[in-house]
Amino acid sequence: MTAASAPRDVTSYGIGLAAPLALFFLVFFVAPLVRLFVLSLHNDTAGTLWGIGQYVHFLTDPFSLGVLGSTLLLGAEVTALCLVLGFPLAWLYHRVGSRMQTLIILIVLLPLLTSVVVRTFAWIVILGRQGIVNATLQSMGAIDTPLRLLYTQFGVVVALAQVQMPLMTLPLITALGRIDMNLEDASCSLGAGSWRTFRKVILPLSLPGIIAGCTLTYAAAITAFITQSLIGGGQMLFMPMYLYQQASTLQNWPFASAISIIFLLAVLAVVTLFNMLGRLSRGYGGA
């Protein structure tokens with residue numbers, strides 16, 4: 001191969017090639033975000049008085065802080081449940097034959113192949129007072145009266161966990177696939193039991209996948225407006241619905257903008273924390 005026909009190093013291309021993407025990012029993300037921030041700096045709905053009153057209102061209002069705390073807690077619960085269910089599934093994927101692997105991947109990807117609205121309404125049918133769960137328990141004689149599963153924290157967590165499960169399982173499958181199984185055999189041959197091998201070898205090496213899955217799952221769970229609204233109903237209020245009420249129902253756009261900025265900063269803080277943990281675990285993942 002001559003020098004003229006040799007492939008060109010991608011690092012030699014000019015930065016100008018990224019200009020269309022940068023322009024798209026600037027117009028459709030940065031500019032609306034700046035406009036939202038400017039709108040939040042109005043103390044009245046008419047947009048005539050400037051100040052930080054909307055932020056002071058939110059940060060000094062126990063109800064607003066409670067909604068923010070409930071939303072962040074919801075994300076943590078959904079992420080924990082997805083991790084508890086997703087890790088064994090990813091572990092099983094690498095210990096079965098190719099046919100079972102295909103079936104597991106199909107099960108994992110199935111939620112992504114169905115509309116989120118359809119999945120959410122399916123959970124309403126499952127968790128309702130006359131739903132599948134209550135009907136099954138009553139037919140077995142386990143309960144006399146239907147359990148209240150719908151419009152509860154439990155129902156929202158379970159429904160969101162099923163919806164967001166692929167975001168947790170796929171990174172875990174990738175991370176576990178990079179681990180040399182000979183390390184597990186070596187650990188066992190040196191006298192470590194199964195639990196100690198998992199705790200000292202498998203878990204540290206899978207930390208990059210855990211961090212990536214937790215980041216994706218958490219960010220998606222706390223912003224899942226449709227599932228939170230339909231499964232939570234009017235009894236539960238989270239940040240996406242709180243924002244929607246202020247903007248669409250009350251027409252309080254400055255306060256809704258402040259809610260958006262505060263919520264964005266809260267999400268970025270959690271994602272930053274996950275990224276810090278990811279950098280700490282990078283040495284394990286490269287071992």
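Note that the numbering runs from 1 along the sequence shown for the chain.
The shortest heavy-atom contact between Val116 and Thr120 is O-OG1, 2.7 Å. The two residues Thr227 and Ala159 make their nearest non-hydrogen contact at CG2-CB, 4.0 Å. Here the closest heavy-atom approach between residue Leu85 and residue Pro88 is recorded as O-CD, 3.5 Å. Considering all non-hydrogen atoms of both residues, Gln138 and Ile143 come closest at CG-CG1, 3.6 Å. The heavy-atom pair separating Leu160 from Gln228 by the smallest distance is CD1-CG, 4.2 Å. Summarising the geometry of Pro254 relative to Gln54, their closest heavy-atom pair is CB-NE2, 3.7 Å, with the distance given to 0.1 Å.
Not counting sequence neighbours, the partners of Gln153 by the side chain to side chain contact (heavy atoms under 4.5 Å, CB included) test are Leu74, Glu77, Val157, Met236, Phe238. With sequence neighbours excluded, the residues satisfying side chain to side chain contact (heavy atoms under 4.5 Å, CB included) with Met241 are Phe225, Ser229, Leu237, Tyr244, Gln245. With sequence neighbours excluded, the residues forming a side chain to side chain contact (heavy atoms under 4.5 Å, CB included) with Leu112 are Leu109, Pro166, listed by chain and number. Partners of Leu150 under the side chain to side chain contact (heavy atoms under 4.5 Å, CB included) rule, at least two apart in sequence or in another chain, are Ile124, Leu127, Ile231.
Between Arg119 atom CZ and Ile226 atom CD1 the span is 9.5 Å, to the nearest 0.5 Å. With rounding to the nearest 0.5 Å, the separation of CG in Leu89 from SG in Cys82 is 11.5 Å. Taken to the nearest 0.5 Å, the CG atom of Leu81 stands 9.5 Å off from the CE atom of Met168. To the nearest 0.5 Å, atom CG of residue Leu110 and atom CD1 of residue Ile107 are 8.5 Å apart. Distance CG/Asp44 to CG/Leu49: 4.0 Å, rounded to 0.5 Å. Rounding to the nearest 0.5 Å gives a distance of 12.0 Å between CG of Leu149 and CD1 of Ile132.
For Ser139 (side chain) and Thr136 (main-chain N/O), a donor-acceptor pair under 3.5 Å exists by modelled atom type. Not one N or O on the side chain of Asn252 forms a donor-acceptor pair closer than 3.5 Å with the backbone of Ala247. Although no hydrogens or angles enter the test, the distance criterion places a donor-acceptor pair under 3.5 Å between the side chain of Asn43 and the main chain of Gly53.
Clustering ILVMFWY residues whenever any of their side-chain heavy atoms sit less than 4.5 angstrom apart, transitively, puts Val108 in the very cluster that holds Met100. Residues Met165 and Val117 fall within the same hydrophobic cluster, defined by Ile, Leu, Val, Met, Phe, Trp and Tyr side chains chained together at heavy-atom separations under 4.5 Å. Note: the hydrophobic cluster containing Leu65 also contains Leu243 (ILVMFWY, side chain heavy atoms under 4.5 Å, direct or indirect links). No chain of hydrophobic side-chain contacts below 4.5 Å, direct or via other Ile, Leu, Val, Met, Phe, Trp or Tyr residues, connects Val118 to Val158. Leu36 and Leu41 fall within a single hydrophobic cluster, where Ile, Leu, Val, Met, Phe, Trp and Tyr side chains are chained together by heavy-atom contacts under 4.5 Å.
Legend: salt bridge (charged side-chain N to carboxylate O under 4.0 Å, His left out) pairs involving residues 61-70, not counting sequence neighbours: none detected. For residues 54-76, the ring pair (Phe, Tyr, Trp, His ring centres under 6.0 Å) pairs, not counting sequence neighbours, are His57-Phe255, Phe63-Tyr242. Screening residues 156-175 for ring pair (Phe, Tyr, Trp, His ring centres under 6.0 Å) gives no qualifying pairs among residues at least two apart or on separate chains. The side-chain hydrogen bond (donor to acceptor under 3.5 Å, both in side chains) pairs that include a residue from residues 82-105 are Arg95-Glu184, where partners are two or more places apart or lie in different chains. Sorted by first and then second residue, the ring pair (Phe, Tyr, Trp, His ring centres under 6.0 Å) pairs with a member in residues 107-159 form an empty list; sequence neighbours excluded.
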Practice problem: Could you go through the side chain to side chain contact (heavy atoms under 4.5 Å, CB included) check for Val270 and Phe274 one step at a time? | Solution: CA-CA 6 Å; Val270 175; Phe274 280 128; 3.5 Å; yes
Practice problem: Given side chain to side chain contact (heavy atoms under 4.5 Å, CB included), test Val133 with Leu137 step by step and report yes or no. | Solution: CA-CA 6 Å; Val133 174; Leu137 293 177; 4.1 Å; yes
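Between Leu170 and Thr174, the closest side-chain pair of non-hydrogen atoms is not below 4.5 Å. Side-chain contact between Ile173 and Ile105 is present, with at least one heavy-atom pair separated by less than 4.5 Å.
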If you look only at distance, which donor and acceptor atoms sit under 3.5 Å apart when one is on a side chain in residues 18-30 and the other is two or more places apart or in another chain?
none

Identify each donor-acceptor pair in which a side-chain atom of residues 256-268 lies under 3.5 Å from a protein atom, sequence neighbours left out, and give them as a table.
unit_1 : atom_1 : unit_2 : atom_2 : d
Ser257 : OG     : Trp253 : O      : 2.8
Ser260 : OG     : Ala256 : O      : 3.0

Under 3.5 Å, sequence neighbours excluded: what are the donor-acceptor pairs made by side chains of residues 203-224?
unit_1 : atom_1 : unit_2 : atom_2 : d
Ser206 : OG     : Ile202 : O      : 3.0
Ser206 : OG     : Leu203 : O      : 3.0
Thr215 : OG1    : Ile211 : O      : 2.8
Thr217 : OG1    : Gly213 : O      : 2.7
Tyr218 : OH     : Leu72  : O      : 2.9
Thr223 : OG1    : Ala219 : O      : 2.8
Thr223 : OG1    : Ala220 : O      : 3.4

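By the neighbour-count criterion of 12 heavy atoms within 6.0 Å, atom CG of Leu273 is densely surrounded, having more than that number from other residues, nucleotides or ligands. The environment of Arg148 atom CZ is dense: over 12 non-hydrogen atoms of other residues, nucleotides or ligands sit within 6.0 angstrom.
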